[in-house]
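Working notes, beginning with the structure itself.
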Amino acid sequence: MKKLILVFAALMMLLAGCGTSETKKVSDQPKTEENKKEQVTVQITKDNGKEKVAEKKVAITEETTIMDVMKDNFKIETQFDDSFISSIEGIAGNEQDKTSWFFSVNGEEAMKGAKEITLKPGDTVEFDFHKYE
């Protein structure tokens with residue numbers, strides 16, 4: 001009888017150890033498409049950075065262009081078949097004053113249009129409104 005009780009107790013301990021359930025935390029779960037989104041920073045300034053107009057951290061996905069970010073997050077106007085940003089947040093350049101919007105990515109002046117530059121997580125896009133010569 002003692003052996004039967006010991007076997008029964010051992011069996012119960014074994015079953016109790018197997019019966020624990022562990023729930024995964026959200027951070028342990030596979031990332032969904034929503035969680036995979038990364039961010040970039042967009043800074044809008046005037047007069048070579050002297051006056052700050054706006055700054056936002058913006059979520060991006062693969063293949064997001066600067067134009068996509070600007071259209072989705074700022075009030076903009078474009079020209080030349082949607083390839084040139086002529087106004088941001090109601091501030092527009094003009095030929096008489098020789099003013100326009102210029103932009104850079106990670107501190108380097110852009111050599112392509114906003115529709116042609118695909119952003120990477122962590123990028124900083126800077127738009128500055130100033131005079132040109």
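Numbers for residues simply follow the sequence, beginning at 1.
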Who are the side chain to side chain contact (heavy atoms under 4.5 Å, CB included) partners of D123, not counting sequence neighbours? V40, V105, N106, L119, K120
Please enumerate all residues that pass side-chain hydrogen bond (donor to acceptor under 3.5 Å, both in side chains) together with K57, with sequence neighbours excluded. T41
Considering residues at least two apart in sequence or located in another chain, which fulfil the side-chain hydrogen bond (donor to acceptor under 3.5 Å, both in side chains) criterion with E55? K52
Nearest-0.5 Å distance, CD1 of residue I66 to CD1 of residue I85: 8.0 Å
Are any of the side-chain heavy atoms of V58 and Q39 separated by less than 4.5 Å? no
Check step by step if side chain to side chain contact (heavy atoms under 4.5 Å, CB included) holds for F127 and I76. CA-CA 12 Å; F127 276 86; I76 68 167; over 6 Å; no
F129 CZ to E51 CD distance, which is reported to the nearest 0.5 Å: 10.5 Å
Fellow cluster residues of F80, listed by chain then number, with links counted only when side-chain atoms sit under 4.5 Å apart: F84
Report the residues that fulfil side chain to side chain contact (heavy atoms under 4.5 Å, CB included) with T45, sequence neighbours left out, ordered by chain and then residue number. D128
Shortest non-hydrogen contact from T99 toward K131: CG2-CG, 3.8 Å
Quick one: ring-ring contact (aromatic ring centres under 6.0 Å, His included) partners of F74, sequence neighbours excluded? none
Got a sec, which pairs hit salt bridge (charged side-chain N to carboxylate O under 4.0 Å, His left out) with one end in residues 95-111, sequence neighbours left out? none
Tell me, please, which residues at least two apart from E126 pass side-chain hydrogen bond (donor to acceptor under 3.5 Å, both in side chains). S104
Contacts of type side-chain hydrogen bond (donor to acceptor under 3.5 Å, both in side chains), residue S100, not counting sequence neighbours: none
Tell me which pairs pass side chain to side chain donor-acceptor pair (under 3.5 Å) where either residue lies in residues 78-90, with sequence neighbours left out. K71-D82, T78-D82
Given side chain to side chain contact (heavy atoms under 4.5 Å, CB included), test K46 with V53 step by step and report yes or no. CA-CA 7 Å; K46 290 173 63 177; V53 175; 3.7 Å; yes
Sequence neighbours left out, what passes side chain to side chain contact (heavy atoms under 4.5 Å, CB included) with K112? Give chain and number order. E116, I117
Classify the ring geometry between F102 and H130 as parallel (under 30°), tilted (30 to 60°) or perpendicular (over 60°). parallel
Donor-acceptor pair, distance only, cut-off 3.5 Å: does the side chain of K56 make one with the backbone of N73? yes
Please enumerate all residues that pass side chain to side chain contact (heavy atoms under 4.5 Å, CB included) together with D72, with sequence neighbours excluded. none
